[in-house]
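By convention in this document, chain letters (A, B, ...) are assigned in the order of the sequence lines, proteins followed by strands, and residues within each chain are numbered from 1.
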Protein chains: 4
Amino acid sequence: LLDRGLKVIDLSADFRLRDAAVYEEFYGHPHPAPDLLGEAVYGLPEIRTPEIQAARLIAAPGCYPTSILLPLLPLLRENLIDPATIVANSMSGVSGAGRKADLSLLFCECNESARAYGVPKHRHLSEIEQELSLAAGEKVVISFIPHLIPVNSGIVTTTTAMLGKGVAPEAVGAALERAYSGAPFVRLLGRGACADTKNVTRTNFIDIGWQQDPRTGRVILMSAEDNLGKGAGGQAVQCFNLLFGLNPTDGLQNF
Amino acid sequence: LLDRGLKVIDLSADFRLRDAAVYEEFYGHPHPAPDLLGEAVYGLPEIRTPEIQAARLIAAPGCYPTSILLPLLPLLRENLIDPATIVANSMSGVSGAGRKADLSLLFCECNESARAYGVPKHRHLSEIEQELSLAAGEKVVISFIPHLIPVNSGIVTTTTAMLGKGVAPEAVGAALERAYSGAPFVRLLGRGACADTKNVTRTNFIDIGWQQDPRTGRVILMSAEDNLGKGAGGQAVQCFNLLFGLNPTDGLQNF
Amino acid sequence: LLDRGLKVIDLSADFRLRDAAVYEEFYGHPHPAPDLLGEAVYGLPEIRTPEIQAARLIAAPGCYPTSILLPLLPLLRENLIDPATIVANSMSGVSGAGRKADLSLLFCECNESARAYGVPKHRHLSEIEQELSLAAGEKVVISFIPHLIPVNSGIVTTTTAMLGKGVAPEAVGAALERAYSGAPFVRLLGRGACADTKNVTRTNFIDIGWQQDPRTGRVILMSAEDNLGKGAGGQAVQCFNLLFGLNPTDGLQNF
Amino acid sequence: LLDRGLKVIDLSADFRLRDAAVYEEFYGHPHPAPDLLGEAVYGLPEIRTPEIQAARLIAAPGCYPTSILLPLLPLLRENLIDPATIVANSMSGVSGAGRKADLSLLFCECNESARAYGVPKHRHLSEIEQELSLAAGEKVVISFIPHLIPVNSGIVTTTTAMLGKGVAPEAVGAALERAYSGAPFVRLLGRGACADTKNVTRTNFIDIGWQQDPRTGRVILMSAEDNLGKGAGGQAVQCFNLLFGLNPTDGLQNF
């Protein structure tokens, strides 16, 4: 497709990592097209607008990375938190696992059930840490614990990290405002507000709330999105709009 | 009741804290009977068997503290983790909030919803930190983020902490085995296993799994219990059995 | 409002009945404005298009009547079924009861619960029977049993009735096609197809399937709609569009 | 097994029908052992106590037939209703379909969904009609419409039928009382009460309520049971207890 001069937005995980060795570590086989990795753009529209507009090959990030990266990246870029202390707990609806005839996804297996899985090294950790490291300017390794809960769609992620020494309590909110004031799909709920999956169902929004805890010195970031919206699918449409100069919200206002 | 020579097992939060000042800080009013705080026993049966057997006044701990304390206490007692790095994320079913005619507990408000609440200073943090501090032999302050999810009953808690320097990977499992090998209601699932609320529904069991992550140096503790069982109610019956020399599982095998 | 020359679309039950005595029988108090009953139009847009276009006062029907009336009215008008044998069983999501702080609507009361209620004389029977009688040209009395089931929104109704003597098996489908071929919000699923609430969620559609049973001589009508769409709310918007000559689907394509 | 002198309680549908031709009509292949059909006992413990006690081969009925037959049989035996007018609508939890890796049973397919299926001739109609006919003393054909709803377990069935001419309103309750006053697992809720699946979860009870509607002349029967209890499984244990002279409730008080 690239050879024919077409632009490609890829929904798979194949072009999300820059480093073929990391790909092999997390996916268990050598990368099939390592020469394209340098060129591919990690398509998080709120973070890489100009790169996406100029790209030939875009890798649309999935739902877990989006819910973790959007709250964290501005804080890391501005050096507000200690990257060695990041812990992200996500709770995902069942559609996040896809539509497969699998016993573990049956109604009676999921209903009235809540549990962690994929501990400690979920595949998407690789792209999460890559992007966090780029923002922090140093190698970042985090704990990420996904959970399955009985809702159709929606991810809520709670991320904690130690605030840097001397960082003022208002700095977190200010950094998020600076990063997302013009972003049509990021809704900043404010300090003390908790994001709820039901407020983003069937939308492309990501809601972000935050809180600081003077007792522990930690910041608590809470994000919610619909994995069927602001996951790979909604992201790809946002990238498409950027790539072809369309209105940023075209095709994304209701689904 | 105490004056009449009766033994009391209290389900409220009034006698769980040893320090009346902490009570006032977390509950917002002075303690009504501070002279009894020294005598009251925090009734976690697996941890305080002899004290409960000899007590006049027992305070039965609720569901959140149980799910957090049972996995952590043996590790703190044996000095296996860094107490300053503890982060606990809990997901609770709706019955945990009690049966009140409250808009936030309506079916349509809770179904398809997942969200954090009570951030950053839930009332039960006070008793959790008291017990963790006693086990660690130093003041412990943690992050605790409760979430509400759409299940009738059940709590799943995921707790992370940095392993102490030089602690062997097998030490966590060994400490848990030592602490709970004779405990009829604690089921150790083993390393790598994830606890699931649906396996403890309508029982008094707490299931505990754990995992270690060499990349981050953290241990991940995962517990599941039915808040209508191994919360204050089931705990109280366990204490009653200890207090009166009954079989430890009497009245707790099915409900 | 009428005196000031305004047109009124009423979402309450006050102007749905033509007969003030029936109103008093079902609602327990005298009608407050009986002189307006003769003029008010029962606003089922698919059935009364010209009357709605010319009306001053429209009473928008609610979700249960819509789900029962739309499948039945064409069959009664064409004399295809025996009106004395109609039995309608409806299953409604919890939002159908409104948003009230009521114990019976709590998550833990509704989840894992299914039950009939309002038996045998639900208030909306009055308007259902009025409209069925008008279509049949004779007084019709039916059994209507509503049930509450644990879904947020959606009603599925299964209605049975004896086919008239000598009515050909194809007559039911043909009558429905004639009635609704031009109706943008009625989707006829065909003979043997079963309507499902999940296919109409967050839409203004009503899906209708049907089946005939030669063993019993009964026709089985199955309809599904979202009570938050094709109940009083969606109906009112459809009526508004008719009243003011707008496109029939304006404001109703996604919500 | 029979040749070796053992008693057999069969959970399959193979020995529930007396007539091999009906078996072939509903199951689509010839019966594999028609010579045993005359001897096999339809194992509804509340209805056939002496036959079960004396049987060699018992066929335990499943959940749908139990929920329909127990309320209806006493009324047919006493000639209180018109058998030609019986319509049964059942709503079943997802576990009723078994535990199979089938797309239609996935969480996201069932959650927020309610729909009829198996219309108009579900396989279990054959045994339902056989037993109704035996009680009525004439051939009975009914309408049975099963629905799938998003609960783990539980069936609620609403059955309507015309009361016979001149039957007093109290006759229905009196007949049910006579039939089940000594039955430990049948709870008669009384006239006007609606059975609810959540009250029978994880029990072997069947709850039965009823109502009469003077407007239509119909009786409305409402039953609820846990299909994992008072379906084939619980029934088989009840039959076992009868067969071997054990206490009727042995092994059935909690599960």
Side-chain angles (χ1 to χ4, degrees), chain A residues 84-93 108-121 125 129 141-145 147-158 160-162 192-199 201 207 209-220 222 224, chain B residues 84-93 108-121 125 129 141-145 147-158 160-162 192-199 201 207 209-220 222 224:
Chain A
T85 63
I86 298 172
V87 174
N89 278 267
S90 293
M91 287 128 253
S92 171
C108 295
E109 297 296 315
C110 297
N111 189 32
E112 295 296 302
S113 163
R115 61 177 172 87
Y117 71 97
V119 173
K121 207 176 155 186
L125 250 183
E129 292 179 347
V141 178
I142 73 164
S143 289
F144 164 49
I145 303 111
H147 300 75
L148 195 66
I149 57 170
V151 302
N152 272 354
S153 69
I155 283 185
V156 67
T157 291
T158 296
T160 51
M162 294 298 282
C194 299
D196 188 328
T197 56
K198 75 166 176 276
N199 296 333
T201 304
D207 282 0
W210 59 94
Q211 185 52 287
Q212 278 155 276
D213 183 1
R215 300 168 64 258
T216 60
R218 289 195 187 93
V219 63
I220 301 153
M222 296 164 283
Chain B
T85 64
I86 299 172
V87 174
N89 279 267
S90 293
M91 287 128 252
S92 172
C108 296
E109 297 296 314
C110 296
N111 189 33
E112 295 295 302
S113 162
R115 61 178 172 88
Y117 70 98
V119 174
K121 208 175 157 187
L125 249 183
E129 292 179 349
V141 177
I142 73 164
S143 289
F144 164 49
I145 302 110
H147 300 75
L148 194 67
I149 58 170
V151 302
N152 272 353
S153 68
I155 283 184
V156 68
T157 291
T158 296
T160 51
M162 295 297 282
C194 298
D196 188 327
T197 55
K198 75 166 176 275
N199 296 332
T201 304
D207 283 0
W210 59 94
Q211 185 54 286
Q212 280 156 276
D213 183 1
R215 300 168 64 258
T216 61
R218 289 195 187 93
V219 62
I220 300 152
M222 295 162 285

Rounded distance (nearest 0.5 Å) linking atom [atom1] of [X] with atom [atom2] of [Y]:
{"X": "A:T160", "Y": "B:I145", "atom1": "OG1", "atom2": "CD1", "value": "5.5 Å"}
{"X": "A:L125", "Y": "B:D213", "atom1": "CG", "atom2": "CG", "value": "8.0 Å"}
{"X": "B:I86", "Y": "A:T216", "atom1": "CD1", "atom2": "OG1", "value": "12.0 Å"}
{"X": "A:H147", "Y": "B:I149", "atom1": "NE2", "atom2": "CD1", "value": "9.0 Å"}
{"X": "B:T85", "Y": "A:M162", "atom1": "OG1", "atom2": "CE", "value": "9.5 Å"}

Of the listed residues ([options]), which shares the most heavy-atom pairs with chain B below a 4.5 Å separation?
{"options": "A:P150, A:G217, A:S143, A:G154", "result": "A:S143"}
{"options": "A:Q211, A:R215, A:R115", "result": "A:R215"}
{"options": "A:T158, A:I155, A:L148, A:V156", "result": "A:T158"}

Side chain, backbone, both or neither: which part of [X] has a non-hydrogen atom closer than 4.5 Å to chain A?
{"X": "B:V119", "value": "both"}
{"X": "B:I142", "value": "backbone"}
{"X": "B:R218", "value": "side chain"}

Please tabulate, for the side chains in residues 192-199 of chain B, all donor-acceptor contacts under 3.5 angstrom to protein atoms that are two or more places apart in sequence or on a different chain.
{"from": "B:D196", "atom 1": "OD1", "to": "A:S113", "atom 2": "OG", "distance (Å)": "2.9"}
{"from": "B:D196", "atom 1": "OD1", "to": "B:K198", "atom 2": "N", "distance (Å)": "2.9"}
{"from": "B:D196", "atom 1": "OD2", "to": "A:S113", "atom 2": "OG", "distance (Å)": "3.1"}
{"from": "B:D196", "atom 1": "OD2", "to": "B:K198", "atom 2": "NZ", "distance (Å)": "3.2"}
{"from": "B:T197", "atom 1": "OG1", "to": "A:E112", "atom 2": "O", "distance (Å)": "3.2"}
{"from": "B:T197", "atom 1": "OG1", "to": "A:A114", "atom 2": "N", "distance (Å)": "2.9"}
{"from": "B:K198", "atom 1": "NZ", "to": "A:E109", "atom 2": "O", "distance (Å)": "2.8"}

According to side chain to side chain donor-acceptor pair (under 3.5 Å), who are the partners of A:N152, at least two apart in sequence or on a separate chain?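 Side chain to side chain donor-acceptor pair (under 3.5 Å) check on A:N152 returns D:N111.
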